[in-house]
Amino acid sequence: MNTLDHIAAQLQGYDPQALSASAVNEFLAHLVVPVQETESVDMFAALGRVLSDDVISPVSVPPHDNSAMDGYAFAGAQLGASALRLNVVGTALAGKAWQGQVKPGECVRIMTGAIMPAGLDTVVPQELAKVEVEVEGEHITIPPGLLSAGDNRRLAGEDVHAGRAALQKGERLMPAALGLMASLGIPRVQVLRRLKVAYFSTGDEILSLGEAPREGAVFDSNRYTVFGLLTRLGCEVIDLGVVKDQPALLKAAFERGAREADAIITSGGVSVGEADFTKTMMKELGDVAFWRIAMRPGRPMAVGRIGKSVLFGLPGNPVAVMVTFLAFVRPALLQMMGARAKPLPLLKARSTEAIRKKPGRTEYQRGTVSTVDGQLQVCTTGNQGSGVLSSMVQGNGLIVLHHHQGNVAVGDEVDVMMFEGMV
Ligand code: AMP
Ligand code: MG
């Protein structure tokens with residue numbers, strides 16, 4: 001296992017007092033290790049889980065060439081410069097194939113999804129075929145120039161090929177992946193075990209819900225945002241409550257987290273000059289680095305290991321907790337879950353306002369992205385205080401003002417990390 005000193009030695013220009021956001025991601029990528037244990041789950045239990053192995057398809061989907069339209073199937077080689085007249089000799093339905101042989105000059109009425117009769121490769125949609133019913137039978141006429149050979153036919157295996165990986169190890173199973181596996185007839189799937197994450201809030205001024213308000217105290221919000229973020233990520237959560245600033249209580253919480261969880265997330269108590277015992281206890285129980293990150297919001301952060309658990313000691317301010325979670329903790333947890341890295345996508349949007357920004361730190365401003373005349377634009381949510389949690393509810397993305405970036409002028413393009421619906 002990499003010690004923190006080891007990791008630090010591998011990183012160029014590592015400075016715990018002025019760490020760039022990208023250096024934080026890099027450090028964490030070295031620190032965390034994916035879970036190994038796997039279990040088998042049925043399709044309904046697989047949502048949000050991470051594949052431990054490639055899913056090799058036992059079948060091709062679709063299993064046969066079939067029609068993409070309701071119409072008439074025929075051999076496309078007969079198409080030419082003049083209209084093509086064909087006798088209708090039978091019907092192929094989805095689930096009921098036409099078994100006969102079709103000769104030149106003949107076609108088969110076919111429905112969407114029906115297997116293409118032997119030797120036929122093209123379907124004329126019914127609305128393009130002129131149908132005539134006569135005593136000797138039904139004919140269609142296909143006007144010239146509308147179709148090419150092979151049109152409106154779905155090829156066997158065009159979705160998934162038998163024997164190939166339909167999904168790859170590390171795929172986080174979203175609704176489409178569940179459906180895809182079901183389309184292969186796979187009833188159960190092997191996934192990595194769920195990541196267990198313990199969390200608690202620290203600070204003598206933090207009230208649990210239900211406690212009587214008192215002057216100078218605030219209700220705990222971080223445990224609820226962290227609970228929500230972890231649950232949506234598919235982690236198993238262990239809620240250790242609000243832990244008061246007493247060494248014995250902090251020790252017990254850290255030890256329980258280290259015993260039961262793969263990761264421990266705390267909030268509060270890691271600022272420089274913080275007068276409480278959180279940092280002391282982290283130092284005493286684990287291998288922990290205390291960082292000042294060149295970012296806003298969320299400058300202080302503690303990171304390391306307590307026992308086998310990875311520690312993420314987040315700042316106390318509610319917006320800083322969410323921002324550091326999205327920027328740093330989420331990618332690290334996904335790596336621990338064994339998921340292939342898929343960072344939140346950055347959209348480019350035009351800023352409707354000027355934003356002041358100092359080069360030399362990364363800023364994450366809460367913004368609202370909307371589409372105006374087909375163009376993405378973004379405005380800030382106003383007060384960007386790191387305690388203004390309503391800004392995270394109001395906004396739908398974080399305007400990411402990168403490390404070297406300076407002031408933004410009206411109309412400038414900025415990157416936005418969307419979080420609404422994504423986390
Ligand atoms: P700290 O990092 O402990 O200095 O906390 C910074 C600010 O965040 C202080 O104003 C705290 O009261 C506030 N804070 C810390 N933890 C929480 C929490 N769990 N819920 C809401 N606010 C918090
Ligand atoms: Mg505090």
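When a ligand or atom number is given, it counts from 1 through the structure's own listing order.
Numbered from 1 in the order shown, with element, the atoms of ligand 1 that lie under 4.0 Å from a heavy atom of Gly268 read 2 (O), 3 (O). In the vicinity of Asp220, heavy-atom distances shorter than 4.0 Å reach the ligand 1 atoms 18 (C), 19 (N), 20 (N). Close contacts of ligand 1 with Gly269, meaning ligand atoms under 4.0 Å from a residue heavy atom, involve 1 (P), 2 (O), 3 (O). Here is the list of ligand 1 atoms found below 4.0 Å of a heavy atom in Ser201: 19 (N). Interface atoms of ligand 1 facing Phe219, defined by a heavy-atom separation under 4.0 Å, are 20 (N), 21 (C).
Nearest protein heavy-atom neighbour of atom 7 (C) of ligand 1: Asn317 OD1, 3.3 Å. Nearest protein neighbour of atom 18 (C) of ligand 1, counting heavy atoms only, is Asn222 ND2, 3.1 Å. Summary of contacts: the protein heavy atom closest to atom 4 (O) of ligand 1 is Glu274 OE1, 2.9 Å. Nearest to atom 11 (C) of ligand 1 among the protein's heavy atoms is Glu205 OE2, 3.2 Å. Protein heavy atom at the shortest distance from atom 22 (N) of ligand 1 is Pro318 CG, 3.7 Å.
Salt bridge present: Asp239 and Arg223 bring a charged side-chain N and a carboxylate O closer than 4.0 Å. A salt bridge is defined here as a Lys NZ or Arg NE, NH1 or NH2 lying under 4.0 Å from an Asp or Glu carboxylate O, and Lys348 with Asp415 meets this definition.
Taking the six-membered ring for Trp and the full ring otherwise, the centers of Tyr199 and Phe312 sit at least 6.0 Å from each other.
Looking at Ser60, its side chain never comes within 3.5 Å of a backbone N or O of Pro62 through a donor-acceptor pair. Between the Arg256 side chain and the Ala198 main chain, no donor and acceptor come within less than 3.5 Å of each other. Here the side chain of Arg305 pairs a donor or acceptor atom with the backbone of Asn2 at under 3.5 angstrom.
At a 4.0 Å cut-off, not a single heavy atom of Gly203 sits close enough to ligand 1 to count as contact.
Distance check: Lys279 NZ to Thr266 OG1 gives 12.0 Å after rounding to the nearest 0.5 Å.
For ligand 1, the polar-atom distance check against Arg223 finds no nitrogen or oxygen pair separated by under 3.5 Å.
Other residues, nucleotides and ligands contribute at most 12 non-hydrogen atoms within 6.0 Å of the NZ atom of Lys169.
In this structure, of Gly316, Pro315, Pro300, Ser221, the residue bringing a heavy atom nearest to atom 13 (C) of ligand 1 is Gly316.
Within the 4.5 Å cutoff, the side chain of Leu147 has heavy atoms near those of the Pro125 side chain.
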